[in-house]
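The structure under discussion appears below in the form of structure tokens.
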Amino acid sequence: MSFNETDVQSALKNLIDPNTKKDFVSGKSVKNVKVSGADVTLEILLGYPAKSVWDEIRAMVEAHLKGALQGVGKVSVTVSSKVVPHAVQRGVKLVEGVKNIIAVASGKGGVGKSTTAVNLALALAAEGARVGVLDADIYGPSQPTMLGISGQPKSVDGKSLEPMTNHGLQAMSIGFMIDGDDTPMVWRGPMVTQALDQLLHQTRWDNLDYLVVDLPPGTGDIQLTLAQKVPVTGAVIVTTPQDIALMDARKGLKMFEKVGIKIVGIVENMSTHICSKCGHEEHIFGAGGGEKMCADYNVEFLGGLPLDIRIREQADSGNPTVVADPDGTIAKVYKQIARRIAVKVADMAQDHSAAFPKIVVQNT
Amino acid sequence: MLEIVFSDDVSYQLPYEYLRVYSPSADVSGHGPGQEVLQVGKKNVGITSLIPVGSYAVQINFDDGHDTGLYTWGYLYKLGKNQAALWQDYLDRLAAAGASREPRP
Ligand SMILES: Nc1ncnc2c1ncn2[C@@H]1O[C@H](COP(=O)(O)OP(=O)(O)O)[C@@H](O)[C@H]1O
Ligand SMILES: [Mg+2]
Ligand SMILES: [Zn+2]
């Protein structure tokens with residue numbers, strides 16, 4: 001019995017990557033297949049960060065090949081991840097040092113946008129990605145607190161800014177630029193966009209796979225301008241299940257679509273309440289609101305987070321849940337959502353929802 | 001029949017009936033998986049107009065009055081790619097419900 005590289009490829013056509021739900025060959029993950037005698041070596045290159053499952057995938061591919069190729073000898077598979085840049089809205093310049101920008105937005109404040117953004121950033125980093133956070137929320141910059149970073153960023157050349165770092169993330173915040181004791185600043189539109197433009201482009205981001213941007217809540221002029229200026233790979237919308245929040249989230253969705261930004265999906269925060277005494281879980285704001293909105297607009301429901309006092313305490317003390325309790329059930333939800341986002345972004349180069357297709361009506 | 005050609009030259013031919021019974025509208029798709037409303041008797045349905053919605057979707061207006069379906073490019077792509085399976089699934093559901101594609105007399 002003998003087999004060649006093509007047989008190895010065909011065998012892998014029948015093996016589905018559990019994350020992308022595509023087989024490894026059409027997922028373009030199979031590289032450097034070599035057959036020598038009865039032995040096979042190959043690489044699996046994933047387009048999304050997935051350090052925690054590399055071993056699992058390696059074992060799965062090896063076992064599959066041993067079953068599929070008769071008389072096979074040694075099978076050695078190496079698995080790794082490589083995140084590449086994907087398209088952003090047309091006509092917007094990319095940011096140096098940043099491959100993909102994930103904008104986290106909400107129709108109104110207080111829905112947990114910043115908490116979600118920081119936990120997703122940490123979840124992506126936990127999977128081995130290089131991740132930054134840009135806190136663009138002029139109304140309430142909270143990333144310095146949530147990341148436990150204080151002080152002011154340094155400039156080596158008097159022009160650019162070095163990102164601040166903690167928990168393995170690079171971070172920049174409008175909050176670093178304004179004095180905490182000052183009365184809240186009144187921002188005028190052009191000032192805001194200019195300040196944020198500077199933070200985005202003048203920070204020396206160091207080879208980021210993802211920059212997570214915590215946008216100001218709402219759908220006003222400032223948000224619209226930002227959506228037109230920031231090169232966004234995909235937007236994630238955070239909402240709570242209440243009707244009013246959902247209504248605002250719909251406006252957010254429309255705003256992004258208007259400027260040609262792709263929606264990665266929707267995260268429903270505070271979906272359920274988990275009683276801290278008995279652990280009972282309940283849909284206090286009604287069930288299924290986020291899912292319904294996703295169905296109506298044909299966007300992906302990325303997942304739901306419970307209303308849980310620990311999420312607040314951990315984020316507000318500078319140790320968000322994903323780092324405070326990395327193996328807990330809540331961290332798992334954030335990690336799962338982050339995985340979905342990364343898989344979706346990885347798929348975007350071949351995404352068909354961005355480009356206007358040609359439609360012909362044929363009357364027969 | 002609607003022919004749709006995507007930017008990477010993948011093209012699909014989607015019959016009106018297929019598009020109609022898989023309308024993404026909440027009236028048809030329901031509010032979540034498992035809540036779909038089975039569409040019957042649409043064999044001869046036609047299209048009256050197509051209205052582009054932003055740069056992301058098209059609203060298809062059918063001659064039976066159904067006009068609440070927003071078909072995003074991604075959704076159309078999915079309909080094209082999975083056409084055989086989805087169509088069979090629809091036929092199975094029709095059969096299970098004892099319903100027919102033929103319009104009611
Ligand atoms: N799932 C949650 N459970 C409990 N508290 C939460 C949750 N998500 C956010 N919070 C808390 O709610 C408050 C508002 O969240 P934040 O992320 O700052 O909202 P936003 O950025 O949308 O204004 C914060 O004190 C945060 O710790
Ligand atoms: Mg915030
Ligand atoms: Zn209780």
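Order of the sequence lines fixes the chain letters, A, B, ..., with proteins taken first and strands second; residue numbering starts at 1 for each chain.
Counting non-hydrogen atoms of neighbouring residues, nucleotides and ligands closer than 6.0 angstrom, the CG atom of A/Asp221 reaches no more than 12 such neighbours.
For A/Gln228, the side chain to side chain contact (heavy atoms under 4.5 Å, CB included) partners two or more places apart in sequence, or in a different chain, are A/Leu224, A/Val259.
If you measure heavy-atom distances from B/Leu14 to chain A, you find no contacts under 4.5 Å at all.
Atom CD1 of A/Ile359 sits about 4.5 Å away from atom CH2 of B/Trp73, to the nearest 0.5 Å. The structure places OH of A/Tyr297 at 8.5 Å from CG of B/Leu70, a figure rounded to the nearest 0.5 Å.
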